[in-house]
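Everything numeric here is computed off the predicted structure, so don't read it as measured data. Throughout, numbering of the chain's residues begins at 1 and tracks the sequence. Below, all heavy atoms of this structure are taken into account, side chains as well, without hydrogens, waters or symmetry copies.
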Amino acid sequence: MGGLRPHPVTGEDMGLRAALVAADLPTDDLAEAGRRFFRFDEAGQVVGYGGFESHERHALVRSVVVLPEHRGRGIGRAITNALIGAAYRAGARDAFLLTTSSAAFFERLGFVRIARTDAPAAILATRQAATICASAALLSRSIGHG
């Protein structure tokens with residue numbers, strides 16, 4: 001995915017919101033402070049979105065979505081890796097995410113399921129972990145340079 005290009009967007013971006021709604025992913029807290037979202041383009045076409053929240057040395061990766069017509073080509077992996085790299089450059093050394101349906105995908109990228117009792121308080125205090133995705137699986141991995 002050498003041609004994948006990230007472009008910062010706000011949580012108010014209508015393309016981001018539409019992609020998340022279509023993928024049945026939450027949109028409740030997109031506009032709150034502390035979130036960084038990106039639109040990913042390839043060859044001039046929007047192919048997906050993703051973001052993260054910084055919590056000191058921890059990042060909560062979120063809202064990873066590949067538009068349906070671009071799935072199956074490694075774009076989800078490339079988006080996740082780009083987000084992990086951006087989180088690393090922002091000071092994070094551990095990445096966390098919550099998912100109800102994509103744990104196997106993220107496990108192939110080095111994430112492992114962990115008990116919520118093993119997560120840092122800052123991650124557990126996020127709206128995603130505390131309420132929006134309270135029943136979702138929590139996954140984690142250490143991150144190096146991106």
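With sequence neighbours left out, the side-chain hydrogen bond (donor to acceptor under 3.5 Å, both in side chains) criterion links Arg57 to Asp94. In terms of the side-chain hydrogen bond (donor to acceptor under 3.5 Å, both in side chains) criterion, His58 has no residue partners (sequence neighbours excluded). In this structure, the side chain to side chain contact (heavy atoms under 4.5 Å, CB included) partners of Ser140, at least two apart in sequence or on a different chain, are Phe96, Ile114. With sequence neighbours excluded, the residues that form a salt bridge (charged side-chain N to carboxylate O under 4.0 Å, His left out) with Arg127 are Glu32. For Thr100, the side chain to side chain contact (heavy atoms under 4.5 Å, CB included) partners are Ala136, not counting sequence neighbours. Take Glu69 and apply the side chain to side chain contact (heavy atoms under 4.5 Å, CB included) test, not counting sequence neighbours, and it matches Leu67. Every residue two or more places apart in sequence or in another chain that forms a side chain to side chain contact (heavy atoms under 4.5 Å, CB included) with Ser63 is listed here: Leu20, Leu30, Phe37.
Linking Ile, Leu, Val, Met, Phe, Trp and Tyr whenever their side-chain heavy atoms come within less than 4.5 Å puts Val9 and Leu25 in one cluster.
For Asp118 and Arg116, the salt-bridge test fails: no basic side-chain N is under 4.0 Å from an acidic carboxylate O. The existence of a salt bridge linking Arg36 and Glu53 is excluded, since no basic side-chain nitrogen approaches an acidic carboxylate oxygen closer than 4.0 Å.
The side chain to side chain donor-acceptor pair (under 3.5 Å) contacts involving residues 102-111 comprise Glu107-Arg113, where partners must be two or more places apart or lie in separate chains. Applying the salt bridge (Lys or Arg N to Asp or Glu O under 4.0 Å) test to every pair with at least one member in residues 19-28, sequence neighbours left out, gives no pairs at all.
Judged by the 6.0 Å and 45° rule, Arg62 forms no cation-pi pair with Phe52.
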